[in-house]
Amino acid sequence: MTKVSTQQPQSAPGHEWWRSAVIYQIYPRSFADASGDGIGDLGGITARLPHLAELGVDAVWLSPFYRSPQKDAGYDVSDYMDVDPLFGTLDDFDRMLAEAHTQGLRVIVDLVPNHSSDQHEWFQAALAAGPGSPERTRYIFREGKGPGGDEPPNNWQSVFGGPAWTRVADGEWYLHLFDSSQPDFDWNNPEVGDMFVEVLRFWLDRGVDGFRVDVAHGNAKAEGLPDVDEELIAAGSMDSPFFGQEHVHEIYRRWRTVLDEYEGDRVLCAEAWVSPLEKMARFVRPDEMHQAFNFVYLETPWDAAQLRSVIDESIRAFGEVGAPPTWVLSNHDTIRHRTRLALVPPPPHGAGIGPTSKSKADPTVSLRRGRAATALMLALPGSAYVYQGEELGLPEVTAIAPEQREDPTFHRTKGELWGRDGCRVPIPWESEAPAYGFSPTGETWLPQPPEWATLARDAQAGVEGSTLELYRRALALREAHGLGTGELEWIDVGPTAIGFRNGDITVIANIGHDAVDVPRGEILLASSPLDAASLAADETVWVRTA
Ligand code: NOJ
């Protein structure tokens, strides 16, 4: 039976909108706060949707707004089929969805299947039922090692720091790849799979256009939960026993059959931090997901040879399975690319930056570079994700006091890693309003830097040369020239620049220090004000040459 939705924006038959869509990530707690409590909410999103339609994106992805104790900003879900009162109600969600569809925007929601909150009724039941009970088999409980079982069952470490196991009162240990408040499900238990199919249907029936799947590479663990041997993994002779296990793909094949029952091109997008690209592309084979964030691209430094190679490899690897590449530069887990690409020295992955970090970015260089990187990304064929605030050129915020920081990474590592709060600061809408228009009361759950007044949306709208106008123009041109559905043809512009044609547009990005010639033709877009004859360092230009 084909399920018919009344609301999905229409696309031409066979168009498969997601192949070339630009999708805007809304991080609800930091987007717009209608209630005034300092935390963004669904009412705030609904009110601001016209701005996104006007920006020219095709869809939005919302990070979690489900019931949650908010130990990991909502990625600790206690009820997958309800809205947390912090963000509103199910009715608010329906209103937001209807308004998005009216504005021609599709809506992708986040699904968190690797773990729940420890406040989920299943985990509470598992604790109450005790060792050996069927309730415990929905999670990964084990006896400890060593005398008295006092040692964790294996040597796995939490992504947020410290051991990945916590002991409960009766002596058993449970696995949590993230915070101790986020117990991992045991996907060998069929009840878990069935519950998530119910969750998929719940949101599909409400009319969502798809799901971004959290830790999509983590649900399946290696049989017997073997110890990790970092040296063997680094040498390529051992696969991670918890990330990228082959049998994880069975889960998504089942989900795909569910989505295919629904009309309207609903999609699945994998958050899968796996490499090489061939492994990532396995998530988007024709009977699995539709998209997978290209994190290999995100992690590539600002270097012409490396960028050319990752773009080439991505188009090849995704193309081999018939999927589009899905480009991304920023999200709520990474240092904003406007800052990251200019950090010297580059910090270790996942560390974040703070007020005392050695890594610093020159604000002028980093803005030029961030804009040039975006202009390069948006010219590539395939789909692309942009993260709220990047269209304003927001930098990573370092001035957040320890007591204001909420990321469990900061707290679990006792401040050794700064974590991700710096990319999650509430975004500025109006330069003169309290909290720059984020909340009517001036409350914000993280402090906004005073210099953000000049970056507020209303300070940039209609201003020639602003980052907001650059994004708008790039998105409009991308659409008008079909760049997302185009094909890339490399042109030689020397070792420290990148050049390619996509349809009638020639794109040159100068990644090095030496000036590069701008080809003859009509200049459609320049990431920074251009000296007509040449492209300076950290600039990208789109020229109509055909
Ligand atoms: C990835 C999410 O993007 C991140 O924010 C979260 O902390 C972890 N998964 C755990 O759910």
Side-chain angles (χ1 to χ4, degrees), residues 23-31 40 61-78 80 84 108-120 123 139-140 156-162 164 166 175-185 187 196 199 211-219 221 240 242-244 248 268-274 280 283 289 291-295 298-299 326 328-336 349-352 385-388 396 405-413 417-425 445-446:
I23 302 171
Y24 182 100
Q25 180 188 356
I26 294 179
Y27 191 63
R29 54 173 41 235
S30 302
F31 185 68
W61 147 40
L62 270 63
S63 283
F65 47 79
Y66 314 111
R67 267 192 195 270
S68 159
Q70 305 292 322
K71 293 281 170 52
D72 183 22
Y75 282 94
D76 49 321
V77 181
S78 56
Y80 290 87
D84 196 280
I108 292 174
V109 296
D110 219 304
L111 193 67
V112 190
N114 178 68
H115 46 265
S116 69
S117 156
D118 60 358
Q119 299 307 306
H120 190 282
F123 193 73
Y139 294 91
I140 303 181
W156 296 4
Q157 295 292 299
S158 151
V159 173
F160 294 156
T166 289
L175 176 71
H176 51 88
L177 290 181
F178 295 89
D179 188 48
S180 56
S181 64
Q182 293 168 295
D184 281 47
F185 284 114
W187 275 84
F196 274 97
V199 173
F211 302 89
R212 173 265 189 191
V213 182
D214 190 63
V215 202
H217 54 317
N219 296 343
K221 278 52 178 194
S240 160
F242 46 80
F243 284 154
V248 83
L268 293 167
C269 176
E271 189 227 12
W273 288 87
V274 291
M280 188 182 283
F283 285 82
M289 301 213 193
Q291 301 181 320
F293 293 110
N294 190 341
F295 292 130
L298 182 149
E299 292 190 295
T326 301
V328 60
L329 286 168
S330 282
N331 65 28
H332 66 291
D333 292 329
T334 50
I335 298 173
R336 284 184 175 277
H349 174 66
Y385 278 74
V386 297
Y387 174 50
Q388 68 180 35
E396 184 82 358
R405 292 191 177 261
E406 292 209 5
D407 185 355
T409 314
F410 180 78
H411 296 291
R412 283 184 66 88
T413 63
L417 302 183
W418 292 101
R420 304 160 295 175
D421 290 313
C423 64
R424 299 176 173 181
V425 173
W445 70 279
L446 284 175

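We count ligands from 1, going down the list as the structure has it; atoms in each ligand are counted the same way.
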| Full working for salt bridge (charged side-chain N to carboxylate O under 4.0 Å, His left out) between D118 and K71 | CA-CA 10 Å; D118 60 358; K71 293 281 170 52; 5.4 Å; no
| said: If we count only N and O atoms by modelled type, under 3.5 Å, do the side chains of D110 and Y75 hold a donor and an acceptor together? | reply: yes
| Parallel under 30°, tilted from 30 to 60°, perpendicular over 60°: which one fits the rings of H120 and Y80? | tilted
| said: Measuring only between side-chain heavy atoms, which start at C-beta, is L175 closer than 4.5 Å to W156? | reply: yes
Ligand-protein N/O pairs under 3.5 Å (ligand 1):
residue	atom	partner	partner atom	Å
ligand 1	3 (O)	R212	NH2	2.9
ligand 1	3 (O)	H332	NE2	2.8
ligand 1	3 (O)	D333	OD2	2.5
ligand 1	5 (O)	H332	NE2	2.9
ligand 1	5 (O)	D333	OD1	2.7
ligand 1	5 (O)	R420	NH1	3.3
ligand 1	7 (O)	D72	OD1	3.3
ligand 1	7 (O)	D72	OD2	2.6
ligand 1	7 (O)	R420	NH1	2.9
ligand 1	9 (N)	D214	OD1	2.8
ligand 1	9 (N)	D214	OD2	3.2
ligand 1	11 (O)	H115	NE2	3.0
ligand 1	11 (O)	D214	OD2	2.7

| request: Not counting sequence neighbours, which residues clear side chain to side chain contact (heavy atoms under 4.5 Å, CB included) with T409? List them please. | output: F160, D407, L417, R420
| request: Please state whether the rings of H332 and W61 are parallel, tilted or perpendicular, taking 30° and 60° as the class boundaries. | output: perpendicular
